[in-house]
Amino acid sequence: MKRLRSRSPARKTINQSINPFTNKQYSNKYRKLREEREKLPIFDALPQFDKMFNKNQVVILQGETGSGKTTQIPQYILEKGYAKGKLVACTQPRRVAAMSVAKRVAEEMDVELGQQVGYSIRFEECAGPNTLLKYLTDGMLLREAMTDPTLDKYGVIILDEAHERTLSTDILFGLLKEVLQKRKDLKVVVMSATLDTEKFLGYFKNAPLLTVPGRLYPVELFYTEFPEEDYLWATVRTVMQIHAFEEPGDILVFLTGEEEIESTCDSIRKEAARYKDNVGKLSVIPLYSSLPPAMQQKIFEPAPEVNSNGIPGRKCILSTNIAETSLTIDGIVFVIDSGLSKQKCYNPRMRVESLLVSPISRASAKQRAGRAGRTRPGKCYRLYTEKSYKRELVESTAPEILRSNLANVVLQLKILGIENLVDFDFIDPPSPETMMRALETLHYLRALDDEGELTEEGRLMSEFPLDPELSKLLIISPKYSCGEEMLNLVAMLTSPNPFLRPRDHEDAADKAKSKFVNKDGDHITLINAYQGFENEGRQPYWCSKNFLNPRTMRGAAEIRDQLVVKMNKLDIPIISNKHNISENIRKCIISGFFMQVVHKEKANFYMTLKEKQHVALHPSTGVMRPDWAVYHEYVLTSKKYIRIVSSINPEWLIEIAPQYFDLSHFPDTNGKKLLQEIIDGKNTQK
DNA sequence: ATATGCCTC
């Protein structure tokens, strides 16, 4: 208390035991938390931040994990009155973070969550008229900007975790730069981990930088002497070496995906079984996002107890990137880094997004290593050479905006009133080809007119939290009397694959799925599965019995409910008529996905029409080699596959999307010839 | 004749 008084004499007159936000006495818990807060590295930097923020519209704050910036800066800004009666917003890339940080800050400020401090994420708004500080996902703030492009209700906007460069954060950057010109009362803080701050400094030209130390213990780095030929075997070897010879402490291994993680878990368990009681017990735990929550919880269970020789046990967690940013596990002392991860990339010429196993960046490597130093000094074993770390890894991973299909982004920018996309100030401008593709797609979908202006339909599309192709299906569904079916379908298509196929129950799983399968197409199979779930009162038990992932199905239901609310708000009637329903469903799908059509050029040989890509039907499909098909997704694994496929009649293409099937722009294929015949036939009929 | 990193509206 003494310390506080001497720092701000003005406070002497205020009764320090009263919370100015609630006019109530501070609780004991508040005092306890206050002591903890004063120990955070950010605490001593607050006066300096104050000075900077007073003088500048934008401040960039660089602080490592554990500095306390996410909890302390927003409430400090609020206490100091920087928002001038308006709200303070703090964005987060993930929902869980927005929620949990808001909860923590409400406790620290001794207020009720949802009152002065709240949060806003998809499916849940926990904020109200009294809210002064709101944590929200970056996507949510972007949504708000679509109805209020100057974000007028906010006096201060804090972009946290800016170094992650999510799509939404990158768009907000460009938008805020324009709004800062128009609104001199608005202030912005960009908060980031070390990397990329120079990029932000270059972007906000006059913004000062404040650096705050983190709270990490040193992590000793080890590299391999020569490049590893088999990093999975190297992983097993390194785990066993640590387990046999190193001091106690848990191990975290970074690999690329589910399959690899499960099989490496098996190998390690097998190796560990060969050891006797002269080493401790080893518990090997897989971690990836599609793992059921109960299994994910295992990472927080304590390590195995001491064995009969009194040697303590150890946990070894094999994880995807989920443990790099989304999940923190305490007690990790050893990290093993394969140097690889699966990354999304977009090929505008082929119009496809795909996942590729690629080398990580140096920034990621540092982040992974840091996971070993959270509770005490740690060690990180990199399964690559120091030379390759220095010369072959890139400094930081390309931002998402350079690796994505931008149809949705361009639609959002149009709604935000960005007239000239070429002049929009992206931190990293996407390639002209990607922008062109996005504009072209939106034009074909009739979201933009021939002048590139938004159409009424485009406005409707932007209202849905979906890709424009999927919004199109909902908007056009009354025409084909399949509203309920499209809601089911869209909810399922935006969720992960719900069909479970456990290794030891493959036949049973296939049999369960066969009850939903429709020969006309996998889209209808998805609709049937969802309808079954709905008919059974959304029971998780029914899901498990039918080899459907209960969590995925519940998520789909949540999305569907939100879409129904939107449909009602936009006055789009939900009409369903069982007559001719299969044909109507597939025609409706073509209205949005006419760009994703294949023709069977020869037996067993499918080709996409415009890109002339040779593709194969994914083995999970239930359709019987139709001549023509519409597909939902292109996946590049051992082969080029198309997944979720429905058979179609080529005449529907000409009828529904004549704007796209101007065949003069198509390469020569048998498919093109057949379509031309259909068009010629139509013309002679007239 | 088989798999899909992490997220967000």
Side-chain angles (χ1 to χ4, degrees), chain A residues 91-98 120-125 136-147 161 164-172 254-263 287-291 319-327 338 340-345 353-358 360 364 367 397 399-401 403-404 408-409 411-412 415 461-468 470-471 494-503 506 509-510 549 552 555 558-559 562-563 565-566 604 616-621 625 632-644:
Chain A
T91 68
Q92 295 294 318
R94 284 166 292 278
R95 285 191 229 160
V96 184
S120 174
I121 59 176
R122 187 178 188 178
F123 306 127
E124 199 185 349
E125 172 91 19
L136 74 180
T137 49
D138 48 10
M140 206 66 193
L141 186 63
L142 194 56
R143 270 283 141 190
E144 289 187 7
M146 287 165 74
T147 49
E161 311 288 2
E164 288 194 28
R165 304 290 305 276
T166 65
L167 264 182
S168 298
T169 298
D170 263 20
I171 303 169
L172 285 169
F254 285 101
L255 297 175
T256 67
E258 172 177 346
E259 165 90 29
E260 181 181 277
I261 284 171
E262 290 291 357
S263 71
L287 176 65
Y288 42 87
S289 74
S290 63
L291 210 60
S319 172
T320 59
N321 259 355
I322 193 168
E324 200 179 297
T325 48
S326 309
L327 268 174
S338 65
L340 298 168
S341 72
K342 282 190 188 171
Q343 287 165 35
K344 182 172 75 177
C345 54
E353 270 181 358
S354 44
L355 278 180
L356 283 182
V357 173
S358 328
I360 59 171
S364 269
Q367 174 75 15
T397 315
E400 206 182 355
I401 202 161
R403 296 183 285 120
S404 307
N408 218 356
V409 169
L411 185 61
Q412 280 173 337
I415 292 287
M461 285 181 196
S462 75
E463 290 277 339
F464 289 96
L466 298 168
D467 279 338
L470 293 168
S471 310
T494 48
S495 305
N497 178 16
F499 295 107
L500 299 172
R501 201 162 181 266
R503 275 194 208 159
E506 289 180 354
D510 291 343
N549 184 332
T552 305
E558 216 170 2
I559 293 169
Q562 190 188 30
L563 296 175
V565 171
K566 257 300 176 219
N604 235 345
L617 299 184
H618 194 275
S620 65
T621 188
R625 313 208 149 275
H632 182 248
E633 196 171 44
Y634 168 103
V635 290
L636 185 74
T637 51
S638 51
K639 250 192 196 176
K640 294 177 206 157
Y641 286 109
I642 50 172
R643 214 181 70 101
I644 308 180

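Chain letters run A, B, ... following the sequence lines, proteins first and then strands; every chain starts at 1.
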What about A:Arg643: does its side chain form a donor-acceptor pair under 3.5 Å with the base of B:dT4?
->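 Indeed there is one.
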With no angle test and no hydrogens, is the base of B:dT2 tied to the side chain of A:Arg501 by a donor-acceptor pair under 3.5 Å?
->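 Checked by distance alone, the answer is yes.
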Within the structure shown, what part of the strands sits under 4.0 Å from [X] by heavy-atom distance: base, sugar-phosphate, or nothing?
X        : answer
A:Val635 : base
A:Glu164 : nothing
A:Thr256 : sugar-phosphate
A:Arg143 : base
A:Tyr641 : sugar-phosphate

4.5 Å side-chain heavy-atom contact, A:Leu287 and A:Ile261 =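 A:Leu287 does not reach A:Ile261 side chain to side chain.
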Would a 4.5 Å heavy-atom cut-off, applied to side chains only, mark A:Leu617 and A:Arg625 as touching?
-> yes
Distance-only side-chain donor-acceptor flag, A:Thr325 / A:Gln367, under 3.5 Å |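 No donor-acceptor contact under 3.5 Å links the two side chains.
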Heavy atoms from C-beta onward define the side chain here; which of [options] lies closest to that of [X]?
X        : options             : result
A:Thr137 : B:dT8, B:dT2, B:dC7 : B:dT8
A:Lys639 : B:dC9, B:dA1, B:dG5 : B:dA1
A:Asn497 : B:dC9, B:dA3, B:dC6 : B:dA3

Is it true that a side-chain atom of A:Ser338 and a backbone atom of A:Phe254 form a donor plus acceptor pair closer than 3.5 Å?
->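 Answer holds: yes.
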Note: A:Lys342-A:Glu260 ion pair, threshold 4.0 Å (strictly below) =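 Result for this pair is no, no salt bridge flagged.
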Nearest-Å distance, CD1 (A:Ile360) to P (B:dC6)?
->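 Distance, rounded to whole Å: 15 Å.
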Rounded to the nearest Å, what distance is computed from the CD atom of residue A:Glu633 to the C1' atom of nucleotide B:dT2?
-> 14 Å
OP1 or OP2 of [N] sitting under 4.0 Å from any side-chain N/O of [X]?
X        : N     : answer
A:Ser289 : B:dC6 : yes
A:Ser326 : B:dC6 : no
A:Ser620 : B:dA3 : no

